[in-house]
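First comes the structure, then the notes that go with it.
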Amino acid sequence: MLARENPLTVQRVRRLRYRLAGTSWEALLQRLRALEYRAAIVGSHGHGKTTLMEDLAPRLSIDGWDVRSLRLQQGQGRLTAEERQSLDGAGAGTILFVDGIDELSALERWRLLRDRRGGGMVIAVHREGLLPTLWRCETSPRLLEDLLSELGIDGERRPGPPAERLFAEHGGNLREALRALYDVYAALPVR
């Protein structure tokens, strides 16, 4: 199969949006207000933390917040000079989103969490405890099946393992499950 024909291209997968189960965006925003805009989005790798942050940011912008985002890289340890500079001028109307705060050293994480220049901070983290939990991201085989359906991939005729097995093989990490299925499609003969 040609790469552009693969139903799991990065561009198509990036269009999938976060699904709030059992609540509404308004309820989530109310909870964030109650937590005084300092909260954590908690979940394992590939459970939707980044997507949830991406979907939450514009909602806060509509409410008048200046949203600034830091997306930390694996093993980063410290904030870069550019990342530190992005914090300059953060006032009461600024909310900082930090995706991957787990990647900072304990000291650097402590410094960032104690920085009160902005009006709020939302972090994506793998375990609870750094800030009060706003939302715990969960996945399921049914969610994986729904995402594949949204991508136009019919479960009955889909090559590769069923969603339940794909989900189990990747420990609930939907990002890895979708990558694995991309590889299955990539290996199909060109039509």
Side-chain angles (χ1 to χ4, degrees), residues 6-74 86 94-103 118-155 158 162-164 166-182 185:
N6 193 316
L8 292 144
T9 61
V10 171
Q11 297 83 356
R12 292 189 70 203
V13 170
R14 296 266 310 139
R15 281 187 240 142
L16 297 172
R17 302 317 324 145
Y18 194 85
R19 289 147 172 80
L20 287 173
T23 195
S24 66
W25 284 105
E26 185 50 43
L28 189 72
L29 289 167
Q30 284 176 335
R31 176 152 171 72
L32 184 56
R33 281 190 285 279
L35 294 172
E36 299 178 354
Y37 297 97
R38 292 186 60 80
I41 295 171
V42 181
S44 298
H45 291 285
H47 278 59
K49 297 179 304 294
T50 300
T51 303
L52 178 54
M53 290 181 103
E54 290 170 351
D55 290 354
L56 183 57
R59 287 171 167 84
L60 290 168
S61 293
I62 288 169
D63 285 346
W65 285 95
D66 169 21
V67 178
R68 299 185 187 184
S69 297
L70 298 178
R71 188 162 186 189
L72 305 175
Q73 303 302 311
Q74 186 172 2
S86 74
T94 303
I95 190 164
L96 178 63
F97 278 38
V98 184
D99 189 358
I101 197 166
D102 296 304
E103 299 304 329
M121 181 182 294
V122 176
I123 62 172
V125 65
H126 294 129
R127 62 189 178 285
E128 296 185 43
L130 293 178
L131 289 177
T133 299
L134 171 65
W135 188 257
R136 175 166 275 290
C137 296
E138 303 286 345
T139 61
S140 68
R142 177 69 191 162
L143 175 59
L144 177 57
E145 193 66 57
D146 289 348
L147 295 173
L148 293 172
S149 179
E150 187 173 326
L151 290 167
I153 300 172
D154 183 349
R158 177 180 63 236
E164 295 82 15
L166 199 56
F167 180 86
E169 287 173 358
H170 296 282
N173 183 328
L174 298 187
R175 181 175 45 247
E176 292 302 319
L178 293 172
R179 281 184 186 151
L181 198 52
Y182 175 93
Y185 274 87

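For the numbers below, each heavy atom of this structure counts, side chains included, while hydrogens, waters and symmetry mates do not.
- Atom CZ of F97 and atom CD1 of I41 lie 6.5 Å apart (nearest 0.5 Å).
- Environment of CZ in R127: sparse, with no more than 12 heavy atoms of neighbouring residues, nucleotides or ligands closer than 6.0 Å.
- Without hydrogens or angle criteria, N6 side chain to Y182 main chain gives a donor-acceptor distance under 3.5 Å.
- Between W135 and T23 there is a side-chain heavy-atom pair separated by less than 4.5 Å.
- Separation of atoms CZ (R14) and CD (E54) is listed at 4.5 Å; rounding is to 0.5 Å.
- Without hydrogens or angle criteria, K49 side chain to S44 main chain gives a donor-acceptor distance under 3.5 Å.
- The shortest side-chain heavy-atom distance between L144 and H170 does not fall under the 4.5 Å cut-off.
- Summarising the geometry of T139 relative to G46, their closest heavy-atom pair is CG2-O, 4.0 Å, with the distance given to 0.1 Å.
- No donor-acceptor distance shorter than 3.5 angstrom exists from the side chain of T133 to the backbone of E128, with no hydrogens or angles considered.
- Annotation for R142: atom CZ does not count as buried by contact number, only 12 or fewer foreign heavy atoms lying within 6.0 Å.
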Report the C-alpha separation of Y37 and V122 in whole Å, then their side-chain angles, then the decisive distance to 0.1 Å, and conclude whether the side-chain contact (heavy atoms from CB on, under 4.5 Å) test is met. CA-CA 7 Å; Y37 297 97; V122 176; over 6 Å; no
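- Of all heavy-atom pairs spanning H47 and Y18, the tightest one is O-CE1, 4.1 Å.
- V125 places none of its side-chain heavy atoms less than 4.5 Å from the side chain of V98.
- Two residues are said to be in side-chain contact when any heavy atoms from C-beta on lie closer than 4.5 Å; L181 and L148 meet this criterion.
- In this structure, G48 and C137 approach most closely via the heavy-atom pair C-SG, 4.0 Å.
- You'll find the side chain of I153 reaches within 4.5 Å of the side chain of L8, heavy atoms only.
- Remark: side-chain polar atoms of S61 are paired, donor with acceptor, to backbone N or O of A57 under 3.5 angstrom.
- For the atom pair CD (Q73) and CG (D99), the distance works out to 9.5 Å, reported to the nearest 0.5 Å.
- In this structure, H126 places its NE2 atom where more than 12 heavy-atom neighbours from other residues, nucleotides or ligands lie under 6.0 Å away.
- One finds no salt bridge joining E26 and R59 here, because no Lys/Arg side-chain nitrogen approaches an Asp/Glu carboxylate oxygen to under 4.0 Å.
- Rounded to the nearest 0.5 angstrom, I101 CD1 and L72 CG are separated by 7.5 Å.
- Under the 3.5 Å distance criterion, the side-chain polar atoms of R12 are matched with a main-chain donor or acceptor of P7.
- A donor-acceptor contact shorter than 3.5 Å links the side chain of R68 to the backbone of S86.
- Taking CD from E176 and CG from L166, the interatomic distance works out to 10.5 Å, rounded to the nearest 0.5 Å.
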Assess whether side-chain contact (heavy atoms from CB on, under 4.5 Å) is satisfied between R179 and V13, documenting all intermediate values. CA-CA 10 Å; R179 281 184 186 151; V13 170; over 6 Å; no
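- Put simply, CG on L143 and CZ on F167 are 8.0 Å apart, with the number rounded to the nearest 0.5 Å.
- For the pair T51/L16, no side-chain contact is recorded, criterion being any heavy-atom separation below 4.5 Å from C-beta on.
- Residues D55 and P58 share a closest heavy-atom pair of O-CD, 3.6 Å.
- Nearest approach of L35 to L134, heavy atoms of both residues: CD1-CA, 4.1 Å.
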